[in-house]
Amino acid sequence: MSETTATTTGSTDESVHGERILLQNITKRYLGQESAAVDDVTMEIPAGEVVMLVGPSGCGKTTTMKMINRLIEPTSGKIFIGDEDVTNRDADDLRRHIGYVIQGAGLFPHYTVADNIAIVPRLLGWSKDTVRARVDELLELVNLDPTQYRDRYPRELSGGQQQRVGVARALAADPPVLLMDEPFGAVDPITRQRLQDELMRLQDELRKTIVFVTHDFDEAVKVGDRIAILDVGSQIVQYDTPENILAAPANDFVEGFVGHGAALKQLTLTRIRDVELHEAAVASVGGDPQAAIADAREKGRDWVIVLDAQERPQRWVSVRELEQRPDALNRVTRDHELEVISTASTLNDALDEMLTSSHGVVVVTGRRNKYQGVVRVETIMAAMQDIQSPAHAADPMVVDEP
């Protein structure tokens with residue numbers, strides 16, 4: 001039997017909106033197959049945490065996840081969500097109370113964005129006004145302007161925008177549990193990183209219980225509170241925090257997932273919220289250019305970050321432009337290439353964005369994309385030097401490159 005138990009079974013923290021999940025002796029056998037796809041697995045997933053299921057193709061990680069919402073029925077065993085055994089609950093009703101996100105978003109092409117998000121609330125009998133308000137709230141939450149995207153069709157969206165809508169649809173009925181089956185596997189690496197950042201920002205605010213299947217160990221380290229590394233039959237080889245797995249892989253199989261560069265991966269373990277942010281010169285859309293110029297000069301800056309009425313960063317504007325154009329702050333449009341990360345992002349994310357930035361800093365946002373400050377290259381360099389220092393290398397919790 002493969003068995004592991006998390007250190008806590010739930011949380012009394014009122015900010016946690018998820019429920020504990022317990023898989024108890026779960027097995028799935030298919031007719032005509034000698035070995036079980038999932039073989040007697042017991043696993044506890046704490047409320048409000050993101051647990052990543054990682055393993056080779058065919059190990060049963062997706063089957064394990066799909067048994068939670070009973071898209072695949074277990075052959076034996078029990079599944080608890082909170083204190084309720086959902087093994088014998090009506091499967092359709094169960095799925096309406098569990099969010100589900102798949103690769104490629106899986107949106108209905110003939111439905112608008114709003115209609116896609118509204119599917120479950122309508123099935124649950126919500127009123128039209130409540131559904132409309134919820135759709136707009138969720139579009140704002142996933143950083144899509146409702147006035148621009150509500151009435152569009154999936155074909156009119158980029159892959160990243162479709163995936164954001166897929167996440168919004170999964171959250172529509174405010175489920176305590178969210179299942180994600182390689183949700184970012186079909187997008188390019190840059191979009192993938194930004195979607196990971198969005199998910200971590202959302203989780204900081206929502207604190208759902210998320211089970212996330214991935215084949216990418218780096219993604220697991222970045223996004224997960226815990227990682228379960230699975231072998232054939234969903235046998236749990238190691239189930240622990242990313243820090244502990246990087247520091248002490250259970251065996252050679254786990255070391256194969258960790259791969260080279262374990263020391264550099266330590267950058268992925270440090271969140272932006274854990275480092276000191278710096279101040280940039282700021283201005284508001286429609287604000288006074290002279291005040292912005294004075295702020296920039298006081299801070300010794302040549303550029304000003306412009307914020308909208310909700311304090312969301314829009315673009316950089318140079319002091320020279322402010323001096324030459326008195327109306328420079330009146331018609332500010334959002335720069336979609338602006339390098340932005342969230343407080344839930346990692347120092348590794350900041351480094352990636354820094355490499356493409358012409359300003360030497362990356363803008364940091366918090367809840368609802370509100371401006372928090374900037375990360376400077378000096379912060380990242382100091383963290384890298386700390387990782388490479390002899391004192392750090394001697395720390396038993398740190399594993400350096402072989």
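For the side-chain contact (heavy atoms from CB on, under 4.5 Å) with Asn69, the lone residue among Val177, Ile98, Val86 that qualifies is Ile98. Each of Arg207, Lys208, Arg96 was checked for a salt bridge (Lys or Arg N to Asp or Glu O under 4.0 Å) with Asp174, and the lone residue meeting it is Lys208. A side chain to side chain donor-acceptor pair (under 3.5 Å) with Asp115 is found for one member of Arg169, Arg122, Arg150 and no other, namely Arg122. Test Arg367, Lys370, Arg368 against Glu311 for salt bridge (Lys or Arg N to Asp or Glu O under 4.0 Å) and you get one pass: Lys370. The only option from Ile341, Leu277, Ile272, Val363 that meets the side-chain contact (heavy atoms from CB on, under 4.5 Å) definition with Gln372 turns out to be Leu277. Ile245 pairs in a side-chain contact (heavy atoms from CB on, under 4.5 Å) with only one of the listed residues (Val221, Val54, Val254), which is Val254.
A side-chain donor-acceptor contact under 3.5 Å links Tyr239 to the backbone of Glu44. The main-chain N or O of Ile102 is found under 3.5 Å from a side-chain atom of Gln163 such that the two form a donor-acceptor pair. With hydrogens and angles ignored, the 3.5 Å screen pairs no side-chain donor or acceptor of Asp40 with any backbone N or O of Thr27. Without hydrogens or angle criteria, Arg315 side chain to Val306 main chain gives no donor-acceptor distance under 3.5 Å. In this structure a side-chain-to-backbone donor-acceptor pair under 3.5 Å is missing from Asp92 to Arg95. Judged by distance alone, with hydrogens and angles left aside, the side-chain atoms of Thr379 form no donor-acceptor pair with the main-chain N or O of Val375 at under 3.5 Å. Judged by distance alone, with hydrogens and angles left aside, the side-chain atoms of Glu353 form no donor-acceptor pair with the main-chain N or O of Val340 at under 3.5 Å. For Arg226 (side chain) and Asp240 (main-chain N/O), no donor-acceptor pair under 3.5 Å exists by modelled atom type. The backbone N or O of Gly233 sits nowhere less than 3.5 Å from a side-chain atom of Asp39 that would complete a donor-acceptor pair. With hydrogens and angles disregarded, no donor-acceptor distance shorter than 3.5 Å links the side chain of Lys28 to the backbone of Thr64.
Residues satisfying the ring-ring contact (aromatic ring centres under 6.0 Å, His included) criterion with Trp126, sequence neighbours excluded, are absent altogether.
Side-chain contact of Thr346 with Asn348: a donor-acceptor pair under 3.5 Å is absent, judged by distance alone. With no hydrogens or angles considered, no side-chain donor-acceptor pair links Ser342 and Thr365 at under 3.5 Å. For Thr214 and Glu219, the side-chain atoms include at least one donor-acceptor pair closer than 3.5 Å. No donor-acceptor contact under 3.5 angstrom links the side chains of Asp129 and Ser127, judged on distance only.
Within 6.0 Å of CZ on Arg325 lie more than 12 heavy atoms contributed by other residues, nucleotides or ligands. Around CG of Asp83, the count of heavy atoms belonging to other residues, nucleotides or ligands within 6.0 Å does not exceed 12. Other residues, nucleotides and ligands place no more than 12 heavy atoms under 6.0 Å from the CD atom of Glu279. Within 6.0 Å of CD on Glu276 lie no more than 12 heavy atoms contributed by other residues, nucleotides or ligands.
Note that CG of Asn369 and CG of Leu307 are 12.0 Å apart. Values are rounded to the nearest 0.5 Å. Between the OG1 atom of Thr209 and the CG atom of Asp225 there is a distance of 10.0 Å, given to the nearest 0.5 Å. One finds the CG atom of Leu347 at 11.0 Å from the CG atom of Asp352 (value rounded to the nearest 0.5 Å). Between the CG atom of Leu71 and the CG atom of Leu179 there is a distance of 8.5 Å, given to the nearest 0.5 Å. With values rounded to the nearest 0.5 angstrom, Tyr149 atom OH is found 14.5 Å from Asp136 atom CG. Ile21 contributes atom CD1, which lies 7.0 Å from atom CG of Leu23 (distance to the nearest 0.5 angstrom).
Ring planes of His110 and Phe108: perpendicular class, angle over 60° (limits at 30 and 60°).
With respect to Arg89 and Asp93, a salt bridge is recorded, a charged nitrogen being found less than 4.0 Å from a carboxylate O. For Asp308 and Arg334, the salt-bridge test fails: no basic side-chain N is under 4.0 Å from an acidic carboxylate O.
Taking the ring axis of Phe80 as reference, the NZ or CZ atom of Lys78 does not stay both within 45° of it and closer than 6.0 Å to the ring centre.
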